[in-house]
Asker: 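Mind looking over this structure? Questions follow.
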Amino acid sequence: MRVVLLGPPGSGKGTVAEKIKELYGLVHISTGDLFRNCIRQNTPIGQEAKVFIDRGDLVPDELTVRMLAERLDNDDCADGFLLDGFPRTLDQADALEALMNKSGFSLDVALNVSVPDRMIMERLSGRRVCPECGATYNIYSQPSLEPGICDVCQSELTQRPDDKDATIRHRLDTYAVRTAPLLDYYEQQGILRSIDNSGDLAATFAQLKEVLPQ
Ligand code: AP5
């Protein structure tokens with residue numbers, strides 16, 4: 001199965017992706033995580049991307065598509081994948097379609113994770129992440145067992161630099177202008193599905209079986 005996850009910053013794409021990975025055994029590829037790894041390792045891609053990410057802007061399409069194409073070339077993507085945070089522009093969607101055509105595949109589902117804007121500020125300002133293993137928590141809704149410490153690897157949890165209020169607002173504006181048009185794009189292809197993540201996670205996860213092929 002080949003799935004792309006859409007939705008505004010903080011709608012819960014990463015959280016839903018972890019569940020889909022568990023249920024369907026798909027390889028989870030988050031372009032945000034790929035960029036953050038490059039930044040941690042101080043690679044040339046990381047150095048270039050950091051400037052955009054810290055401002056809450058999108059990284060240029062050319063760099064993003066190149067990085068993603070390299071990742072999709074790996075053997076673990078041959079039988080399917082789950083893209084989280086890609087595509088984010090119409091040009092990226094066209095580039096993905098071209099890559100898929102080249103390999104003779106097509107997307108099965110574009111899954112939109114929807115949450116009202118008013119909930120997003122609280123979810124993102126309360127988010128804490130483990131810089132070592134990538135586990136995600138929320139001080140309001142999904143706290144770690146010991147405050148500030150990762151349950152999985154016991155590292156100290158941190159706040160993402162782009163989770164500051166002003167940057168979150170800018171990311172939401174960017175989403176509305178550059179990414180929301182993808183909903184129509186995939187609707188026209190007949191593969192858009194939506195789940196509502198405004199309730200608790202059990203209610204969100206229950207919707208997955210209705211919208212993803214069995
Ligand atoms: P990326 O890392 O993809 O960030 P994002 O899209 O802004 O999404 P987030 O990771 O912030 O949120 P999410 O939707 O995954 O929510 P989460 O599950 O964590 O990208 C970062 C940056 O990289 C971009 O701004 C851009 O600069 C660059 N970039 C990445 N891809 C790019 C691309 N394709 N092109 C160009 N640039 C690109 O949930 C949020 C919080 O809510 C968590 O604390 C979670 O625990 C909590 N939560 C989730 N669901 C619930 C629930 N039901 N109830 C209560 N709490 C919940």
Side-chain angles (χ1 to χ4, degrees), residues 3-41 46 49-50 53-57 82-86 88 111-176 179 193-212:
V3 180
V4 298
L5 278 180
L6 305 171
S11 60
K13 298 181 295 298
T15 305
V16 167
E18 285 303 314
K19 190 64 185 180
I20 295 177
K21 183 170 132 185
E22 181 193 317
L23 291 175
Y24 295 84
L26 290 179
V27 177
H28 170 205
I29 301 172
S30 151
T31 39
D33 286 347
L34 292 178
F35 282 131
R36 282 184 288 277
N37 284 339
C38 290
I39 291 170
R40 247 195 314 275
Q41 291 164 20
K50 186 176 187 323
I53 292 176
D54 285 354
R55 285 202 304 248
D57 284 327
L82 170 63
L83 297 185
D84 162 5
F86 187 98
R88 261 179 155 101
L111 181 59
N112 177 41
V113 182
S114 90
V115 166
D117 271 7
R118 65 185 157 76
M119 302 181 90
I120 285 179
M121 290 305 285
E122 179 176 300
R123 286 198 182 169
L124 286 185
S125 56
R127 174 164 61 185
R128 298 294 180 270
V129 291
C130 175
E132 291 305 318
C133 72
T136 298
Y137 302 87
N138 193 287
I139 54 172
Y140 307 114
S141 58
Q142 290 174 277
S144 53
L145 295 172
E146 190 182 339
I149 302 295
C150 178
D151 294 347
V152 182
C153 69
Q154 276 67 55
S155 300
E156 202 168 322
L157 301 178
T158 57
Q159 191 167 23
R160 272 175 39 178
D162 57 345
D163 278 349
K164 297 188 195 88
D165 283 2
T167 316
I168 295 171
R169 274 191 288 274
H170 184 60
R171 285 161 63 200
L172 286 170
D173 290 344
T174 303
Y175 168 82
T179 308
R193 305 285 180 272
S194 253
I195 55 172
D196 171 14
N197 188 31
S198 59
D200 65 22
L201 283 173
T204 300
F205 295 159
Q207 299 167 61
L208 289 175
K209 294 201 172 76
E210 292 160 25
V211 293
L212 293 175

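Since the model is a prediction, treat every value here as computed from it, not as a measurement.
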Asker: Please step through side-chain contact (heavy atoms from CB on, under 4.5 Å) for the pair T158 and E132, ending with a clear verdict.
Answerer: CA-CA 10 Å; T158 57; E132 291 305 318; over 6 Å; no
Asker: What is the distance from atom CG of L111 to atom CG of L83, rounded to the nearest 0.5 Å?
Answerer: 12.5 Å
Asker: Would D162 and R127 pass as an ion pair if we require N to O under 4.0 Å?
Answerer: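 No, D162 and R127 are not salt-bridged.
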Asker: Would you mind reporting whether R88 and T31 have side-chain heavy atoms less than 4.5 Å apart?
Answerer: yes
Asker: Could you tell me which non-hydrogen atom of S30 sits nearest to which non-hydrogen atom of R36, and how far apart they are?
Answerer: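 Closest pair (atom of S30, atom of R36, distance): OG-NH2, 4.3 Å.
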Asker: Take T179 and T174 through the test side-chain contact (heavy atoms from CB on, under 4.5 Å) and record every step on the way to the result.
Answerer: CA-CA 7 Å; T179 308; T174 303; 5.8 Å; no
Asker: State the CG-OG1 distance between N197 and T15, to the nearest 0.5 angstrom.
Answerer: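 Between atom CG of N197 and atom OG1 of T15 there are 7.0 Å.
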Asker: Is the shortest heavy-atom distance from the side chain of P8 to the side chain of L172 under 4.5 Å?
Answerer: yes
Asker: Under a 4.5 Å cut-off applied to non-hydrogen side-chain atoms, are L201 and Q142 in contact?
Answerer: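 In short, these two side chains touch, coming nearer than 4.5 Å.
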Asker: Is any side-chain heavy atom of R171 closer than 4.5 Å to a side-chain heavy atom of I120?
Answerer: no
Asker: Once you round to the nearest 0.5 Å, how far does CG of L124 lie from CZ of R169?
Answerer: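 Rounded to the nearest 0.5 Å, the CG-CZ separation comes to 12.0 Å.
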Asker: Using every non-hydrogen atom in the two residues, find where L208 and Y24 come nearest and quote the distance to one decimal.
Answerer: O-OH, 4.1 Å
Asker: Search all heavy atoms of V129 against all heavy atoms of R160 and return the closest pair with its distance.
Answerer: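 So the two residues come closest at CG2-CG, 4.0 Å.
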Asker: Would you name the heavy atoms of Y137 and C150 that are closest together and state the gap between them?
Answerer: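 Answer, listing the atom of Y137 first, then C150: OH-SG, 3.3 Å.
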Asker: Identify the two heavy atoms, one from H28 and one from K21, that lie closest to each other, and give their separation to 0.1 Å.
Answerer: CB-CD, 3.7 Å
Asker: Can you find a side-chain donor-acceptor pair between D196 and S198 that sits under 3.5 Å?
Answerer: yes
Asker: Kindly say whether I149 contributes a backbone atom to a donor-acceptor pair with the side chain of S144 at under 3.5 angstrom?
Answerer: yes
Asker: Kindly compute the distance separating CD (E210) from CZ (R193), expressed to the nearest 0.5 Å.
Answerer: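 One gets 12.0 Å once the value is rounded to the nearest 0.5 Å.
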Asker: Atom CD of residue position E156 - does it have more than 12 heavy atoms of other residues, nucleotides or ligands inside 6.0 Å?
Answerer: no
Asker: Roughly how far apart are I139 CD1 and S125 OG, rounded to 0.5 Å?
Answerer: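 Separation between the atoms: 7.0 Å.
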Asker: Please give me the minimum heavy-atom distance between E146 and D151, naming the atom from each residue.
Answerer: N-OD1, 4.3 Å
Asker: Let me confirm one number: the OG1-CG distance from T167 to D57, rounded to the nearest 0.5 Å.
Answerer: 10.0 Å
Asker: Taking K13 for its side chain and G7 for its backbone only, find out whether a donor-acceptor pair lies under 3.5 Å.
Answerer: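 Answer holds: yes.
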Asker: Determine whether T204 and V113 make a side-chain contact, defined as any pair of heavy atoms from C-beta on separated by less than 4.5 Å.
Answerer: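 The answer is no; the side chains never approach within 4.5 Å.
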Asker: Could you tell me whether the side chain of E18 and the main chain of G14 form a donor-acceptor pair under 3.5 Å?
Answerer: no
